[in-house]
Amino acid sequence: MATDQTQLQLAQLAHILGPDSTHFETLISHLMSSSNDQRSQAESLFHLAKQTHPDSLSLALSRVLSSSPRPELRALSAVLLRKILTPAADYSFLFPLLAESTRAAIKASLLSSLQTEQSKANVKKLCDTISELASSVVATRGWPELLPFLFQCVNSKNPNLEESALLIFSRLAQNVGETTETLIPHLNTLHSVFFNCLSNPSSCDVRIAALSASVSFIQCISNPKDRDAFQDLLPLMMQTLTEALNSGLEATAQEALELLIELAGTEPRFLRRQIMEVVGSMLQIAEAESLEEGTRHLAIEFIITLAEARERAPGMMRKLPQFIRRLFWVLMNLLVDIEDEPDWYNAESEDEDAGETSNYGVGQECLDRLSISLGGNTVVPVASELFPVFLAASEWQKRHAALIALAQIAEGCSKVMIRNLEQVVSMVLNSFHDAHPRVRWAAINAIGQLSTDLGPELQTQYHQRVLPALAGAMDDFQNPRVQAHAASAVLNFSENCTPDILTPYLDGIVSKLLVLLQNGKQMVQEGALTALASVADSSQEQFQKYYDAVMPYLKAILVNANDKSNRMLRAKAMECISLVGMAVGKEKFRDDAKQVMDVLMSLQVSQMESDDPTTSYMLQAWARLCKCLGQDFLPYMSVVMPPLLQSAQLKPDVTITSADSDANADDDDDESIETITLGDKRIGIKTSVLEEKATACNMLCCYADELKEGFFPWIDQVATTLVPLLKFYFHEEVRKAAVSAMPELLRSAKLAVEKGQAQGRNGTYIKQLTDYIIPALVEALHKEPEVEICGSMLDSLNECIEICGPFLDEGQIKCIVDEIKQVITASSARKQERAERAKAEDFDEEEGEMLKEENEQEEEVFGQLGDLLGTLIKTFKASFLPFFQELTSYITPMWGKDKTAEERRVAICIFDDIAEHCREAALKYYDTYLPFLLEACNDESPDVRQAAAFGVGLCAEFGGSVFKPLIQGCCTLASLLFFPFKLLSP
């Protein structure tokens, strides 16, 4: 029975939805009210109207849309109609529920309003509503009037109607599916429409709308021949861009560029036939200093996007070396746009980027992306030609640009640069003595980056030149930023360093870092702390010699750096102490450990601000101290775990806005927010929250690993926290940590039960935990998009089964086997897709190298798959054979000569496990697999030969009377002479 309140609202609705439209307009205006109460009441009534009077509501909105004198109400009506009538939003999909007469009236009203609406903004909202409604009904022939109406509009010679129709065509094409299939029969007509509208001499807006529609259709056409029919539109599409620029309409030109960038990313092959003209035009725009920065940046983005479109057009851009040189020159000149601001020298933080312009930022980012996408064989020759010119220039900005560019391309060009290491290192070290501090800083920055990207070769071959140079730079007391950066570069260098390389330099480096620790500049102190931490971590027990000199300084900073301005300094001291403690070991650290732990405990229970870096650093410091102290850390766990779990349980800070919302501009500039666009929605995610969550999850894994059975009291809380995160797709590191933790939790539980430390729990608890973890891990593996994480999941699953395999039931084993089939199928599909890419006309050696790396990762997955199957076979022995029988059609093809050596080795090892652990039950497979084994004994791969020979030996040992006749039928004794096993005795 309806409440009195509802009855009152229904009475109000009857009045609002009555013949006098002013009452309904008042309701709509209240939906935009700044008064929360008024807006809430209006929303309640609107929601009730949807439930009780959908036809009247829809018709009332149509009337406002067509006849209200207030443009803002017409705009909101268009939006509300879209939300309630289409399935694209969160609202209920009302359109099929309406009376046929209502549906007809709404469709007619929408098309009529499109012809009469004067507000351009409202027209776009109308186009959105029409196209989304059409997408949901056109496939079922629910709007037969629409296409004739649209074709009438584009031929009307009315620019406004032409533009509207083209916008709707564009939106319809974007809704790929049945809607697109409905339009395919009209491709010839649409081609003519787009051609004519792109040629429209009188309206720039019509040309842009035609460009948008053309791009959308080219993307949605699946048949290459149909797509090629649109090739003759490309010159006109480019002409739209150039005419906008020639007319000084840069906002329009930027809109055109964004559409062409979209095309370059999704259908780069469409551009191949005219690639010289298209890229040439883009470079002219990028080189034109008279144009706005935004326009030039978009032209650069187009070329970079083409270079990055490896999967769809491998190697295409590498065929244009003359253009690559021009682009590299443009990017280098963007880096020259930097000012010598005094704030840079007076900075309190290394993050201070005073003097850096948007040009500088784009230059940095694009050099990095260009080198990764094109590779060193293409980029290094160009860079080698330009860098000496810039380094020899009198302007410090050019010398600075060359060093920054070198650092940016190092990751993508690492293999080629390692082959030219002497030239690269000399180029950088020569700049350590440059007269300008910012050039010296850039040289140190380059060494730091090269240490990361070219290690460990750089460390092994050039430590005797690099480390003294960095030590010398730490003496530049006139330029604290140079000193601080030199310390940071020591960190980069030592991370890829072995103790034997680092030890001879420790006296000099540690003494200089201790001097910097006493420097009054906080930035320098922070750099010194970070470097000391890394040096200790890399030198391990060799650092014991310096412990007594270093630790008092570290503890003093930890205790005394209490001001808000010193929070990062204290956090870095925390990091350094924990790494030093791990390096020197428990015995050496023991006397200081309690004092350090007491300070950390007092910080742990204090109220810290949300942006305090102490939180993240402390999470990691606790985990390192646990590794150092082992079981002695257990008394601190009750303090450590609650905030750690709280961090691991953080919800992602997500905002969802319209893709074309003005608010997105702020997010794009906010480095703490990562944005992705999905359809017409822009999703912004606060990265600091995700990073804290990932750190916490990693630490939970560390505690379980280190404390073993001692971690038992927290297993339930941690399992319920981490198991759902196996499918946390916002952040890879969170998933990786969750995956790694699964076997650690099971091991902890099993050890606790075995050692009587499980608070009275027994094997039933292990079974319950197994039932919670294994199915979740298998399900996550099925949905995992990243190949590397798939491999980690296979490893984790393998380890889990090693720990608790006997607790699995038949249904769970079947799920695992089914997933193994899926992994093999998916891997084969990826390899086939790469094989197709290798047939592309632009495929080259560089692309071959990149594909080789991807295939190596795939082979690693096969190895992990083999390990998992081996564990299942060892665990369940003959009872696993029915499942093995299911897998034979997936495994047998892996023996083929067309497969890689690793696939053949894995397949052989699986049979070896069957022979070894299933004994007599495996004899039925001998006649199938023994010939393969014998043939594989002559394989070109030593790993395959070894696995095959071992398998034949197992067959000889366990095959008994079955083996001898089989082997006599398969080969001669001479071919067996090399086998590393004793032949059958009589």
Side-chain angles (χ1 to χ4, degrees), residues 347-352 444-445 448 451 467 470-471 473-477 480-495 497 502 505-540 542-584 589 592-593 595-597 599-600 603 612-625 628 695:
E348 294 298 327
S349 164
E350 273 269 60
D351 296 328
E352 173 59 60
I444 293 165
N445 180 71
S451 297
L467 283 172
L470 289 174
M474 283 191 264
D475 291 333
D476 190 353
F477 289 94
R481 285 204 73 165
V482 171
Q483 287 181 298
H485 215 48
S488 297
V490 168
L491 176 155
N492 297 117
F493 189 91
S494 60
E495 281 180 338
C497 226
L502 206 51
Y505 304 96
L506 285 178
D507 285 355
I509 289 174
V510 172
S511 63
K512 285 182 183 289
L513 290 173
L514 286 176
V515 171
L516 297 189
L517 266 189
Q518 300 166 67
N519 188 297
K521 198 84 171 173
Q522 185 174 319
M523 175 176 54
V524 177
Q525 291 176 304
E526 289 175 9
L529 284 169
T530 308
L532 271 173
S534 182
V535 166
D537 189 38
S538 298
S539 56
Q540 290 298 300
Q542 301 294 332
F543 200 79
Q544 288 192 5
K545 173 182 175 183
Y546 310 98
Y547 180 85
D548 294 335
V550 169
M551 189 53 71
Y553 286 108
L554 302 182
K555 288 195 299 182
I557 294 172
L558 182 66
V559 171
N560 298 322
N562 295 318
D563 295 343
K564 184 173 181 177
S565 60
N566 291 332
R567 292 185 311 188
M568 181 56 81
L569 185 66
R570 182 177 62 191
K572 298 263 187 188
M574 214 179 279
E575 174 185 58
C576 191
I577 289 170
S578 61
L579 282 165
V580 167
M582 278 181 62
V584 301
F589 183 54
D592 294 302
Q595 183 184 354
V596 170
M597 304 285 269
V599 173
L600 262 60
L603 286 171
D612 192 335
T614 307
T615 303
S616 174
Y617 278 81
M618 189 151 43
L619 292 179
Q620 298 175 68
W622 279 126
R624 293 192 200 103
L625 292 168
C628 175
T695 299

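- Of the possible donor and acceptor atoms, one in the side chain of S488 sits under 3.5 Å from a partner among the backbone N and O of A484.
- When all heavy atoms of A536 and A583 are compared, the pair lying nearest together is O-CB, 3.2 Å.
- Using a 4.5 Å heavy-atom cutoff, the side chains of Y546 and L532 are not in contact.
- At least one side-chain heavy atom of V482 sits less than 4.5 Å from a side-chain heavy atom of I444.
- Between S538 and C497 the shortest heavy-atom distance is CB-O, 4.1 Å.
- Between I557 and N566, the closest side-chain pair of non-hydrogen atoms is not below 4.5 Å.
- The side-chain heavy atoms of D537 and E495, taken from C-beta on, include no pair separated by under 4.5 Å.
- Taking the side chain as every heavy atom from C-beta outward, M568 and Y617 approach each other to under 4.5 Å.
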Inset, instruction - Evaluate side-chain hydrogen bond (donor to acceptor under 3.5 Å, both in side chains) for S565 paired with D563, printing each intermediate quantity in order. - result: CA-CA 5 Å; S565 60; D563 295 343; 4.6 Å; no
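- Between L467 and L502 the shortest side-chain heavy-atom distance falls below 4.5 Å.
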Legend entry - Pair L506-K545, side chain to side chain contact (heavy atoms under 4.5 Å, CB included): steps then yes or no: CA-CA 10 Å; L506 285 178; K545 173 182 175 183; over 6 Å; no
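- In this structure, the side chains of V515 and F477 come closer than 4.5 Å at one or more pairs of heavy atoms.
- Between the side chain of Q518 and the backbone N or O of L514, at least one donor-acceptor pair lies under 3.5 Å.
- None of M574, M582, M597, Q620 except one satisfies the side-chain contact (heavy atoms from CB on, under 4.5 Å) rule with L625; the exception is M597.
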